[in-house]
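Taking it in order: structure first as structure tokens, then the write-up.
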There are 2 protein chains.
Amino acid sequence: MGVTKTSDFTEAQNQTTALLKALAHPARVAILEHLLREQRCICGDIVSELPLAQATVSQHLKEMKQAGMILGTVEGTSVCYCLNTSALEFLHGYFGRALDTLKAQGANCCH
Amino acid sequence: MGVTKTSDFTEAQNQTTALLKALAHPARVAILEHLLREQRCICGDIVSELPLAQATVSQHLKEMKQAGMILGTVEGTSVCYCLNTSALEFLHGYFGRALDTLKAQGANCCH
DNA sequence: AAATTTAATCGTAATATTGCGATATTAAAA
DNA sequence: TTTTAATATCGCAATATTACGATTAAATTT
């Protein structure tokens with residue numbers, strides 16, 4: 001039915017999913033990379049960088065913010081968005097631990 | 001319209017997105033974590049582990065495989081699925097580089 | 001205060017994803 | 001060779017996501 005029952009999974013699994021979802025779209029990856037390149041990081045900036053309408057970019061930014069991937073502070077008429085270091089650290093750590101676990105297991109059945 | 005024009009983004013951005021999408025669902029994260037825990041990693045295993053029907057799990061596995069997150073080898077009537085180390089390495093490296101870049105920039109406007 | 005600038009929100013259309021029962025497929029077992 | 005076991009695929013319904021024009025909201029300029 002297309003309904004995802006988050007209650008069937010652990011809190012940690014849902015939190016991880018939220019961060020991954022916040023990046024699981026080429027526009028979001030492009031936003032991430034743009035925020036990495038630029039120090040100054042205003043929404044209007046991103047709109048002119050991407051092939052998307054202002055409303056669409058704003059919506060992407062909203063969801064990335066909601067998930068904790070980015071932070072935003074109002075600066076006059078514009079908004080300064082930037083990456084949330086701890087979210088990146090979380091994902092980096094997650095995949096790092098996964099790799100460690102995988103490597104500690106040695107060769108498995110598929111390789 | 002809900003249509004994502006991958007052609008508007010770089011090849012690398014789309015590849016990164018594909019891997020992230022393969023994990024951007026609690027069931028997929030649960031599958032990843034299950035494959036980490038178990039050496040023996042058969043689909044039926046996963047079905048009994050998750051609160052989802054066999055057809056649904058099979059579909060998730062198919063998409064994770066298509067994205068390159070997991071590998072699968074047929075073993076008689078069952079299939080042995082396991083994590084693709086290089087996909088994990090890719091993601092780990094991606095977030096690692098992002099973090100390095102971010103930290104090299106020092107404090108930015110939002111912190 | 002009016003005009004301007006910038007970003008958020010609303011409403012809606014289109015597409016994508018998720019889930020599952022039913023069925024098909026394929027290999028092993030009996 | 002029939003039966004059984006394990007996955008994959010099909011078809012469809014329900015929900016979620018994406019996109020954008022139009023509008024609103026809020027701060028800055030004029």
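Since the structure is predicted, the reported quantities are computational estimates derived from the model, not experimental observations. Hydrogens, waters and symmetry mates play no part in the numbers below; they use all other heavy atoms, side chains included.
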Parallel, tilted or perpendicular: rings of His25(B) and His60(B) (30°, 60°): tilted
By side chain to side chain donor-acceptor pair (under 3.5 Å) - contacts of Ser48(B) (at least two apart): none
Side chain to side chain donor-acceptor pair (under 3.5 Å) partners for Glu89(B), two or more places apart: Lys103(A)
Sugar-phosphate, base or nothing in reach of Glu63(B), heavy atoms under 4.0 Å: sugar-phosphate
Touch class at under 4.0 angstrom, heavy-atom based, for Leu61(A) against every strand present: nothing
Quick check against the 3.5 Å criterion: does [X] have a side-chain atom that pairs as donor or acceptor with the backbone of [Y]?
X: Asn84(A); Y: Met69(A); result: no
X: Gln13(A); Y: Thr10(A); result: yes
X: Thr101(A); Y: Arg97(A); result: yes
X: Thr56(B); Y: Leu52(B); result: no

Rounded interatomic separation in angstrom, taking [atom1] from [X] and [atom2] from [N]:
X: Lys21(B); N: dA16(D); atom1: NZ; atom2: C1'; answer: 12 Å
X: Ile42(A); N: dA27(D); atom1: CD1; atom2: P; answer: 16 Å
X: Ile31(A); N: dA7(C); atom1: CD1; atom2: C1'; answer: 14 Å
X: Leu23(A); N: dT18(D); atom1: CG; atom2: P; answer: 12 Å
X: Leu52(A); N: dG21(D); atom1: CG; atom2: P; answer: 11 Å
X: Ile46(B); N: dA6(D); atom1: CD1; atom2: P; answer: 14 Å
X: Met64(A); N: dT17(D); atom1: CE; atom2: P; answer: 15 Å
X: Arg28(B); N: dA16(D); atom1: CZ; atom2: P; answer: 16 Å

Counting side-chain heavy atoms from CB outward, which of [options] is closest to [X]?
X: Val79(B); options: dA7(C), dT17(D), dT7(D); result: dT7(D)
X: Lys62(A); options: dC20(D), dT9(C), dA8(D); result: dT9(C)
X: Ser78(B); options: dC20(C), dA6(D), dG21(D); result: dA6(D)
X: Tyr81(B); options: dT17(C), dA8(D), dT7(D); result: dA8(D)

Phosphate-side-chain proximity, His60(B) and dG19(C), N/O vs OP1/OP2 below 4.0 Å: yes
Phosphate OP1/OP2 of dG19(C) contacted by His25(B) side-chain N/O (<4.0 Å): yes
Under 4.0 Å protein heavy-atom contacts per nucleotide of nucleotides 22-30 of chain C, with B for base, S for backbone only and - for none: B----BS--
